[in-house]
Each structure stands twice: as structure tokens, then as C-alpha cells.
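Computed over heavy atoms, backbone and side chain alike; hydrogens, waters and symmetry mates excluded. Order of the sequence lines sets the chain letters (A, B, ...), proteins ahead of strands, with each chain counted from 1.
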2 protein chains.
Amino acid sequence: MKSLSIKDIAVKANVSITTVSFIINGKAKEKSISEAVIEKVEKIIEESGYKPNQIARSLRTGNSNIIGLIIEDISNSFFSRIARLIEDKAYKKGYKIIYSSTENSVDKAKELINMFKSRKVDAYIISPIKGIEEDVQMLINDGNPVIFFDRNLPDINTSYVGADHFNASYQSVESFIQQGKKNIALVTTDINVQQITERCEGYKKALEDNGIKANDDLILKIHFNQDEAETINQIKELFKNQKIDAVLFATNYLAISGLKVLKQINKKIGDDFSVIAYDDHEAFELHTPGISTVQQPLEEIAENVIRLILKQLSSKAKLEHQQIIIPAKLIIRD
Amino acid sequence: MKSLSIKDIAVKANVSITTVSFIINGKAKEKSISEAVIEKVEKIIEESGYKPNQIARSLRTGNSNIIGLIIEDISNSFFSRIARLIEDKAYKKGYKIIYSSTENSVDKAKELINMFKSRKVDAYIISPIKGIEEDVQMLINDGNPVIFFDRNLPDINTSYVGADHFNASYQSVESFIQQGKKNIALVTTDINVQQITERCEGYKKALEDNGIKANDDLILKIHFNQDEAETINQIKELFKNQKIDAVLFATNYLAISGLKVLKQINKKIGDDFSVIAYDDHEAFELHTPGISTVQQPLEEIAENVIRLILKQLSSKAKLEHQQIIIPAKLIIRD
DNA sequence: TTGAATTAGTAAAACGTTTTACGTTAATTT
DNA sequence: AAATTAACGTAAAACGTTTTACTAATTCAA
């Protein structure tokens, strides 16, 4: 069964396609269509259940009311939660979100950008990775609104919303030091993005400022795409071979692997061993004892992302780019 | 900067639009275009970075290579994990997935269906809720491939893939009984979907078969859209007022709330109090002691969903609908 | 009572593809 | 030499909208 087109409506109402189009788009008044015709057409549309074909619409107008969201991995709770918030807020403004995961693959990220491009999304919200600079720059050059979140690419000049990763790690480490910890480890990933680098910098600076010499043996960089089993092994090695009394995990999934290790080797978290994890996760609140975490302000990040992107969409002129850094919150649990 | 169109390529190559189109779509051989022309055009396409406008393509062909996925809530780890798997598998076959959450609102679900419809997605993967029967039936009548997963709507005749919820609860309860438990509670939701009903039925049947009379006071139905604080209160009431030695949670987020209650009231899980949760979650493995769970076979569900939907997409004829029920796995932890 | 302005509406082009149906020319067959 | 086939390719319609530029009829002002 073919679906109805504007033409069918026009025929039924015995008016022109143009008239129907004006009515659908709320331009009836402005185009001086009579009240009687408006009512007639609206009634027919209502009764028939006609819905405009968005594809034809997009083809003609060049925009889609769709915003593309590119993230690392939708099954990571940080991203799925933020996706949900962004989706919610965009929805209220009449925009739909389509999202897809890059799995930290440059190729997949490029493909996604192309896919969104050829589908003419109106704007791009990207949690970027190194290696896609050129593609993103092209988007920007072509006049597409692009906003980064969570991570930034320093070479690209566009708006960015993210948490204050540097200070968050800095504070985490300071809190360890205040508890009297000396041998503080950092478990992080080897993906080369600003946000991760900053977390590492904050860690080092805090140690330094407190007169503790950073020890490279206490910094473990986990390869991004590896199996969890391998990760667990590496963390286990670290815990066994080094004298450690506190550890900061730079992402929630690393922390989860780390907690599994602690469970396996039966090491208890307590006075002589502390843990802080980046990015909150249900498991941390529930854990006994509770795991302290750096809570990113998801709601605020989503809010700002949407606000900026809508501002860009509604103003034809190019706006000045903004860098919004939101403080993260250190939640101490026990 | 306008993006390139097929016409630009045609002009550059000094051939017709038709020829370019044939080459792009791999029909050059079949339409007897000479090797020389093919090469020339391909070179120009390559150099210019031309990408066909998918919107124009969709308008003309009537399909989009996009599959719409409608779920309850992308921030629930069950859904985000399955979404990721489905996305992955579809991607490998050249399909993109666009997904959106209904938040268990009938209105939003209907709107999503409409949105997908007007964007001409090629197929629908839906985790349905009661109240959208008509809309779904219309999709099916219009010849769209539709497949349900996780939940089913008994009135609608279409393919379905899901776990064996009935047996999973049945076995969970039996395992409680084998441990000598007598007062077994069920915490579930009030959303009226088959999957939830089945979990409840399995619970009751297992009690009955073992000569235990089901006690309605031990069944707590939580209203779906309420605040977590409220949920926690209700569960707390249940635990305080009733004599309970085991509890089965029908969804992972209820179990998480339940565990929070246990932590608050300082009730330990152990020999005299057992817990089983539906849908695995990282928090359960990490919990001390580990929380036993009913693990749904995500991979297999995703696999089957994609397999069925692709089969329907590639065959013009209407296929027989299939109901695939996959056993769930009870993971006992401690 | 004429010309301008307003009202009510429409025809047709355009968006960028795919696809059908149709040329040409050259080679081959009868 | 006429007829057929093959090789190589193209013109134009169609998909369903939006939007520009127009017309025809009526009202208004002077």
C-alpha cells in the first residue's frame, strides 16, 4: 500500500499542492489562504492520517531536523546516559538524534561522518578521536555546526563542552595524599585524546605539588581495544609487583576491571588501600565499601551541548566558538 | 560550499548522468559501459571525494538502508548492550541503525514509529509496549518488515526473538527452594508486557509446583515511571514488613534499587537471605557477595534479530513469522 | 471609472538521484 | 545488401516536497 502524498490530499480537497503545502507548514495566513480552505484541508489531513515524507522534504530544503551524535561506544554507561539526556533535550526542540558508535576506530568514525553527511544531518555532536581532524575540518568549512564534547581536538577550532578533567584528577590525588597515601598508581588508557592526557597531567601535577616524585612504574596504560581478560592480567601484575596504597582509574570500565582484580586477589579496599574511579557507575555506589568517584556533570554537559548546537542552528551567522569546562565532582564514599 | 552532485561528475567526465549513476551502482558491466569510461569516471569520483546524496537516493528508490530500532531506554545497560550488538551486526551488512527510546510512553512510541515511517526506514526492530498495536499493525500491513524482541505483543502476528522468561524465573525460584527458602518475594514492575507477565507466571508456577502457596504480600509491583527514591521506599517497606528469605528481582534496575535498600538497612546477603536479579549488570558481578543473575543471551538475541530482519529484507515475499525463544542462563554467584 | 492594492490561490521549477525506454554506430548474420 | 544484433550510451520521467513567481478576481482610493 503506497502511502499518501501531498498530491492525494490536494486532489481530495480540490485545491493545489501548493495550498496544501502552505497549510502544512503554517504559512497559510501569511499566504492568505481562506479560513474555509484551511479547515477543509486540515480535516482531510487529520482523517487520512497523512504525514509528509521527510525525505522529500529534506531533499528540497536541504535540512533534516536530525542531529548526528558520534560517540565511542553506546554500551558504555557514560555515553549511553549522556546520549539519553541529549536525545531528550533535542526531542523537546523538535530535533531527532541519530547516534552511532566509533569503537575508537578512526575508519569507522570517518565512515560515520560520511554517512551523516550524505544523510544531510543538520548538525554534528562528536566525542572525537585523533585522526579525524581533516574530516571534521571539512564539515566545519562546509558550514555545518559541529560541537565536541567530553574530548577535544586541539587543532580544530570549534565549540567544546566537557568536564574539568585536569582538576578532577588533581583533586583526587590530593585527597589520597591527605589520607596519607604515598604510593599512588594511575590506571589509564593509551588512547591519545586530550581528556585522557589531562587526567594524567592532573595526576602528575598533584604529586609534584605535594613533593612526591611521579614513578612511571605506577602508571599503567592499557591498550584500548584489548580483551578484558588481558586488562585484568595487566592490572593484576601492577598490583602484585608494586607497592601501592591508592589507585586512580581514569575511566569507569578500567575501574570495573580493577575491582574484579581486587576481588580475585582478595585485596580489600580500606584504610591501607584506596580507590577512586573516573565516571560514576551504578556498580560503584553499590560496592562494599562504596567506591569514591569523579562524577562528571552529565546533565550539565548535555544541557550545554544542546544549547550551543541549537544556538548555532538558529543563527545563520557563524558564532564564536565556546569552550565550556564544567567542574567535576569528587564523591567520596566508604 | 555546495557539495558535489552526480551532475558535476558527469560534466567533468563529459558523460551523461545516467552513465555515472550506472557506474556508481555497479551496473556498468551489465549496461555495457566501456572499461575506459568506467575508469575515467571512477577516477574523477575518487579524486573529487564525491558521495551520493542518500536523501535523493532514498526518495527515488523508496528505501534507505536504515533500520529503525525502538527500545525502552538506551541508558539501561540491557538495551544499550543489545543496541550495540545489533548495530555492529547490521553495520557489517551495510545497514545503519537509528535508535530512539520510548521511555515506556505510548505517545512517544507512536511518534517514533511515525518518525521512522516518514523517514522511510527499511525495517523496524521494536521492543514493544502495550498500546501501540494498531500502529504496528499498520506498518505490517504496509509491507514493512517488523520484528519484536525482548517483549512480545500477543495480538500482533510477527516475528519475535526473546529469552525464555518463564523458565528463567521458574528455575530461579526452584534454586531458592532447593536452598531451603520458604518466603520468596518477587519485585517486579507494573508495565503490562508479556515478558514481565511471564516472569511473574514462572515465579508462581514454581512455588505452586513445590507446594508453596503464593502470597500476594510478597509480590511488589513497582510503578514504572516513578522516581528511584520512591521505589527504594517501597522495597524498604516490603523488606521490613514481611518475613522474607529470598527475593527475585524482575529487572536489573529494580535489583539495583533493591541492593541499595539492603545496604541502607544493613541487611547482608548470605545463608539466610538470597537474591537473584534479572538481566546481568556489571554491578552484580562486582558486588560482595556476587549477585546471582538470570543472564539473557544478548549475543544470540541480537544475532537472531538481525538474521531474521535481513532475511525479510532480502526476500520480496512475505516470510512465515518465527517465534524464537532462547533459554536464559541462571548464573549462581557468591 | 480607472488604476492600485489586496485577497485567494496556482503552475512550475528545483532538490539529486534511479531507471525506463530509446538512439546511434559498427559488426555480424542471412 | 538488407536485416539483425551487440556495444555504448543518453534523454527524460519519476520520487514528494518547498518556494518563487505569477494570475484572476475583488475591493479600495481618488
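A heavy atom lying under 4.0 Å from DNA chain C marks none of the residues of residues 36-49 of chain B. For the contact set between residues 59-67 of chain A and DNA chain C, defined by any heavy atom under 4.0 Å, the members are A:Leu59, A:Arg60.
Each of D:dC8, D:dT19, C:dT19 was ranked by its minimum atom distance to the side chain of B:Ser21; first place goes to C:dT19. Taking only side-chain atoms of B:Ala56, from C-beta outward, the nucleotide of C:dG16, D:dT17, D:dT20 with the closest atom is C:dG16. Each of C:dT20, D:dT10, D:dG16 was ranked by its minimum atom distance to the side chain of B:Val15; first place goes to D:dT10.
Heavy atoms of A:Thr19 sit under 4.0 angstrom from at least one base atom. Heavy atoms of A:Ser5 sit under 4.0 angstrom from primed sugar atoms or phosphate atoms, though from no base atom. Nucleic acid contact class of B:Ile17 (heavy atoms, under 4.0 Å, all strands): base.
In the interface, the side chain of B:Ser16 is not paired with the base of D:dA11 through any donor and acceptor atom under 3.5 Å apart. Taking 3.5 Å as the limit, the base of C:dA8 and the side chain of A:Ser32 contain a donor-acceptor pair of atoms between them.
A close approach under 4.0 Å does not occur between any side-chain nitrogen or oxygen of B:Ser34 and OP1 or OP2 of D:dC8. In terms of phosphate contacts, B:Asn25 brings a side-chain nitrogen or oxygen within less than 4.0 Å of OP1 or OP2 of C:dT18. The phosphate of D:dT17 has OP1 or OP2 within less than 4.0 Å of a side-chain N or O from A:Tyr50.
No donor-acceptor contact under 3.5 angstrom links the side chains of A:Asn304 and A:Glu300, judged on distance only. Side chains of B:Thr61 and B:Asn63: a donor-acceptor N/O pair is present below 3.5 angstrom, by distance only. A donor-acceptor contact under 3.5 angstrom links the side chains of A:Ser3 and B:Lys120, judged on distance only.
By the 6.0 Å and 45° rule, A:Lys96 does not stack over the aromatic ring of B:Phe116.
A:Glu133 CD: more than 12 foreign heavy atoms inside a 6.0 Å radius.
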Listing, residues 122-131 of chain A side-chain donor-acceptor contacts under 3.5 Å, not counting sequence neighbours, or none:
| from | atom 1 | to | atom 2 | distance (Å) |
| --- | --- | --- | --- | --- |
| A:Asp122 | OD1 | A:Ser64 | N | 2.8 |
| A:Asp122 | OD1 | A:Ser64 | OG | 3.2 |
| A:Asp122 | OD2 | A:Ser64 | N | 3.4 |
| A:Asp122 | OD2 | A:Asn65 | N | 2.7 |
| A:Tyr124 | OH | A:Lys117 | N | 3.4 |

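A ring-centre distance under 6.0 Å is not found for B:Tyr160 and B:Phe149.
Taking atom NZ on A:Lys7 and atom C1' on C:dA12, their separation rounds to 13 Å, with Å as the unit. The CG-P distance, from A:Asn53 to D:dA14, rounds to 17 Å in whole Å. In this structure, B:Lys27 places its NZ atom 15 Å from P of C:dT17, rounding to the nearest Å. Residue B:Lys29 contributes atom NZ, which lies 17 Å from atom C1' of D:dA6 at whole-angstrom precision. Counting to the nearest Å, the P atom of D:dT19 and the CD1 atom of A:Ile6 are 11 Å from each other.
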Between the protein and nucleotides 26-29 of chain D, list every N/O to N/O distance that falls short of 3.5 Å.
none

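Here B:Lys89 pairs with B:Glu299, B:Glu303 under the salt bridge (charged side-chain N to carboxylate O under 4.0 Å, His left out) rule; sequence neighbours left out.
Each end of the helix from C:dT1-D:dA30 to C:dT30-D:dA1 gets its own axis, taken as the rotation carrying the C1' atoms of four end pairs onto the next four within a five-pair window, and the two axes meet at 60° to the nearest 10 degrees.
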